[in-house]
Every structure is written in structure tokens, then in C-alpha cells.
Amino acid sequence: MTSRMKQQFKSFSEARNLWAAGRKVITHQDLVGLFIARSVEQYLRLNGRFAFVTPKAVLSRMQYEGLRTGRWLTVEGTKAQDTLAVRASFDVPLDLEQVRPHMFPVPSAVISGTRTTDAQPLGSGCIVMSGRLPSKWSTWETAKPLLTERAGNNRAMTTQSTYRSPYGATAYQGASIFPRVLTFVRERPKSPLGTAAGVTLVQSERSPYEDKAWKLVPDMSGSVESTFVRPVLKGESIAHYRVIAQSLAVLPLVGDRLIAESDIAQYPHLFEWWTSVNKVWDQAKTAGNRLYDALNFQGKLAGQLGKGRHRVVYTKSGTRLAATYLDDPNIVIDSSLYWLVVPDRETARYLVGILNSQPVLDQVSLLQSRGQIGRRHFDTYPFYLNIPLYDPSNATHEALVGLSERAETVSADLDISGTGDFKRVRAQIRDALEVEGIASQINALALEILGPVEE
């Protein structure tokens, strides 16, 4: 959307109780809820019926909380309020995720109901449809006999949903360091004529996964005061119990603080680099914000500085959750990772052991939304599980800390030089932990701490 469209979308959504405020969901807002509420508002009389095929996420994700209430447009100060207000009484929805073949790129559902004067929210129940359809079928009547149905639960989450684990309130997503060509760098060889002390020669680090808008931008190169070349961890930088790679990025950071953009001019090399990349940013960007603001979007860059030495970091998405301990406060965390500060190494090992365990993966899968390639995003879902605070007097917690330390050693001792990409490295580590018998012991302790998987 353009900036003007975004403003109109937000205004329309807020007026209809559809805007889910809060950092956790603001970037997930889309047109689905507004399209449905606006269609009912525009085209249905009272007692008129509606039905929509939707993403399955409508049944449970936080961003659709307002839609699920059935209380959309409110009209104040008019005698015609009952007829102008928009209320919906929902039927039990259909969950179509288990129908094959998939009809849409993402798991789908059907919601239906009636326009009424009193809202009836979308309940926690649903009808789960399953079965296989032929490649050619024309109507619901011909398809329905081929499907079976059972009662299910849509596990709706709201913006008021609370973390079961006290660690949830302290877990944050890393900074959006983007675009790669203007931020991430690799060191260039020093000139035969020498390089000024305290200065690093840099050139853009590229990736085959760059957005189309930035692939055509030529490499940036220059020299920058070394203090501004900071190590960064991305999702592919970590594996279970270890860091496997670091990237470098040019960021306006001095020590543990983000300097004001107006202060960049005090550093001649950084100022020259910053001027060059901003010129490219202004030409190629699609939104109206400045590069400085984009790097510190929602305070996620400044917010992770100076917070303490002991951190746990884990992957935002993927098919397997990977977590490790980090004791270098100067490393910047990218948005493809989540991080939280803990008081000591023992607490970190306790959390890392739990986060890397199979029981966490099993239980988090019940909370994750599904996309084109299945369950992908972990975000802060691990802390909706029952992960209690580390207690050094608890024998189970202490045993987990010891096993996690052993897992660190096994992971660190593996030769991963010829393994290939980070996915293979993670698989190699998991295999080694299985062979040593450590993985099964950690899983048993994690399950004891978390409790059994809920149906």
C-alpha cells in the first residue's frame, strides 16, 4: 500500500473495531477483516446472510480479534442506530486445512453468519473437514459426500492473551537491518599504501535472496571508522547451542548507544558512507521513511543496546527452533532472531535447553499459524507455554543446566567446515546430540518442566 492507502486502511479499520493495536500484530494487519465487515455493511440488510472463504488464520490469529467479535461499525447519536450499526451473528466455522488437494496457497476456512442487531462472536469451536477431492469437482453438493467432519477447537488468541511464562515479557525481536546492500558489509583487503588507523575498508555483502528492488543496486564501497562496523547475528548465524557465523553491518552506534543522525557529521568516514547510502535509499525506497528510522523501526535497534552481558537468542522462524547463549553485548541482533536478557549463564543454559527441545516444538506447533509452507513462525509463542523461572534449588532445572552445558560442548567440538548451509549444520548438531544420548535426556526434562502436550 502507498502511505495514503495505509492511512485510509487504518482509519477504516479503527472505525470498525478491526484494528488490533500493539507491536505484536501491527505488521500482520491485512484487508481480510475490513473486506468482510465492509461488505456486510454495504450490501446486507438485517437478517441477510453472508459467507466467505478466508485464510484459516481468521479463526485464531490476534490480528482478526476485532473481526471475530461481530461488533463492527457503531453509529452514535441517531434513532436509526440499530439498522445502521453493523453486527454479525456467526455460525460455527469450517476448518478446511485437512482437505486435499489444497485449494488455496494458505490453509483456508469458511466463516458464515447473519447480519443482526446483537453480535454473536465467532466461538472457540469449529468443524474440521477432511478428505480427498477429485481433480475436477463443481459444487459443494458433489464435494461434501467425499469429506468427513469432526468437532474441533480454533484456539483463538487475542491481544490480551497472556504469557504463561514470565520470560515472555522480556523477549524482543531484533532490529530490521535492511536493505542488505546498504547495511551489511564485508571487509575489503587493506590497500598496499596503507589504511588510516581505526578505519575499516568495506564493501556491500550481497545475498541471492535480496528483494527485487535492491538486486539491481550496485555494491557500495568505502571506508568507515572501525567502531561503526558492528557484528550482527541473523537467523542463519545460529544453530543449536552455538553461533556458527557472524555478519558485519555499518551502523551509527557508539558503544552501547545509537547516535543521533545529526551527530553522524562528526565522523568524516561514516558521514561520507551515510551520505552515499542515503542517496541510494531515497532513490530506491518504496515507503516515505528515512533509512535512519527504518534501521531503528519501533526502537528495536536502540532497545537492545546496553541491556546486559547474558542473552538468549533464538530463531524467529523455520521448521526447527534453534537457540543459543550469547555473552557478547556488542553483537547486534537482526529481526530474524528474538533475544532476551537473563541474569546469568545458568539461567541461559536452562532456557536454551528448553527452547531447543522437542517438547517445545510440539507444543508451539499448536499455536502457530500456517502458511504456504506449513508452520513457520515461532515469534514469542514459546512463552505462551509453561516455562517457569529458573530455580537453582530445583533438581530438574539443575539437571537441565548440566545437560545443556554438555550439549554446548558437543556442538562446539563438531567440525562444520565442510557441512554446507546452516540447515545442514543444525541437522548435524541434532544428530550428534542424539548419538550422545543428550537430546533424549533434555527432551525428558523439558517435558517434565512443561507438562504434557495439550490436545
Side-chain angles (χ1 to χ4, degrees), residues 1-44 50-78 81-82 84-90 93 106-109 111-113 115-124 154-163 168-169 171-173 176 286-289 293-294 296-300 303 316 335 367-371 377 379-381 384:
M1 300 183 194
T2 64
S3 296
R4 184 169 177 269
M5 290 171 68
K6 288 179 182 178
Q7 292 171 1
Q8 188 178 27
F9 168 53
K10 182 178 180 182
S11 176
F12 267 59
S13 297
E14 287 179 332
R16 290 160 180 80
N17 189 36
L18 301 172
W19 189 258
R23 292 184 178 182
K24 287 190 290 186
V25 292
I26 193 170
T27 57
H28 298 291
Q29 301 275 182
D30 62 30
L31 285 170
V32 173
L34 179 58
F35 185 92
I36 293 170
R38 182 68 169 157
S39 296
V40 172
E41 174 188 337
Q42 290 284 87
Y43 303 118
L44 278 192
F50 65 87
F52 290 92
V53 179
T54 71
K56 183 182 173 182
V58 166
L59 305 186
S60 61
R61 298 300 94 188
M62 291 180 185
Q63 62 267 33
Y64 300 110
E65 178 184 0
L67 177 69
R68 293 193 296 267
T69 66
R71 299 182 61 86
W72 301 330
L73 186 66
T74 298
V75 180
E76 301 290 350
T78 172
Q81 183 172 347
D82 287 345
L84 294 177
V86 182
R87 302 286 182 267
S89 178
F90 283 104
V106 297
S108 56
I111 63 169
S112 59
R115 180 171 181 173
T116 58
T117 55
D118 296 312
Q120 177 63 46
L122 191 70
S124 60
N154 60 38
R155 293 184 167 272
M157 299 181 70
T158 73
T159 52
Q160 300 304 312
S161 296
T162 56
Y163 296 115
Y172 301 96
Q173 187 179 9
S176 179
T286 56
N289 56 330
D293 294 330
N296 194 37
F297 179 64
Q298 296 183 342
K300 290 180 179 179
K316 175 183 183 293
S335 61
L367 302 174
Q368 292 174 293
S369 58
R370 284 77 152 174
H377 299 295
D379 298 317
T380 58
Y381 291 138
Y384 286 92

Going by the rule salt bridge (Lys or Arg N to Asp or Glu O under 4.0 Å), which residues pair with Asp30 if we only count those two or more places apart in sequence or in a different chain? none
By side chain to side chain donor-acceptor pair (under 3.5 Å) - contacts of Gln8 (at least two apart): none
May I ask you to test the Val86-Arg115 pair for a side-chain heavy-atom distance under 4.5 Å? yes
Please tell me if the side chains of Arg16 and Leu73 come closer than 4.5 Å, counting only heavy atoms from C-beta onward. yes
Under a 3.5 Å threshold, yes or no: a donor from one side chain and an acceptor from the other, between Gln173 and Lys300? yes
Do you know which two heavy atoms are closest between Ser335 and Lys316, and how far apart they sit? O-CD, 3.4 Å
Nearest heavy-atom neighbours spanning Phe90 and Arg68: CE1-O, 3.7 Å
For Thr69, side chain to side chain donor-acceptor pair (under 3.5 Å) partners two or more places apart: Asn17
Partner set under side-chain contact (heavy atoms from CB on, under 4.5 Å) for Ser13, not counting sequence neighbours: Phe9, Leu18, Trp19, Leu34
Flag side-chain contact, heavy atom, 4.5 Å: Ile36 against Val58: no
Any chance you could measure Met5, atom CE, to Gln7, atom CD, to the nearest 0.5 Å? 12.0 Å
Qualifying residues under side-chain contact (heavy atoms from CB on, under 4.5 Å), relative to Phe35, sequence neighbours excluded: Ser39, Phe52
Minimum heavy-atom separation for Pro55 and Val106, please, with both atom names. CB-CG2, 4.2 Å
In short, Ile111 meets Pro93 closest at the heavy-atom pair CG2-CB, 4.2 Å
Check: Glu41 and Trp72 side chains under 4.5 Å, non-hydrogen atoms: no
If you take all heavy atoms of Val53 and Ser108, which pair is closest and at what distance? CG1-CB, 4.4 Å
Residues at least two apart in sequence or cross-chain that pass salt bridge (Lys or Arg N to Asp or Glu O under 4.0 Å) with Arg71, listed by chain then number, are none
Can you name the residues that form a side chain to side chain donor-acceptor pair (under 3.5 Å) with Ser112, not counting sequence neighbours? Asp91
Restricting to non-hydrogen atoms, name the atom on Ala294 and the atom on Asn289 that form the minimum distance, rounded to 0.1 Å. CB-ND2, 3.5 Å
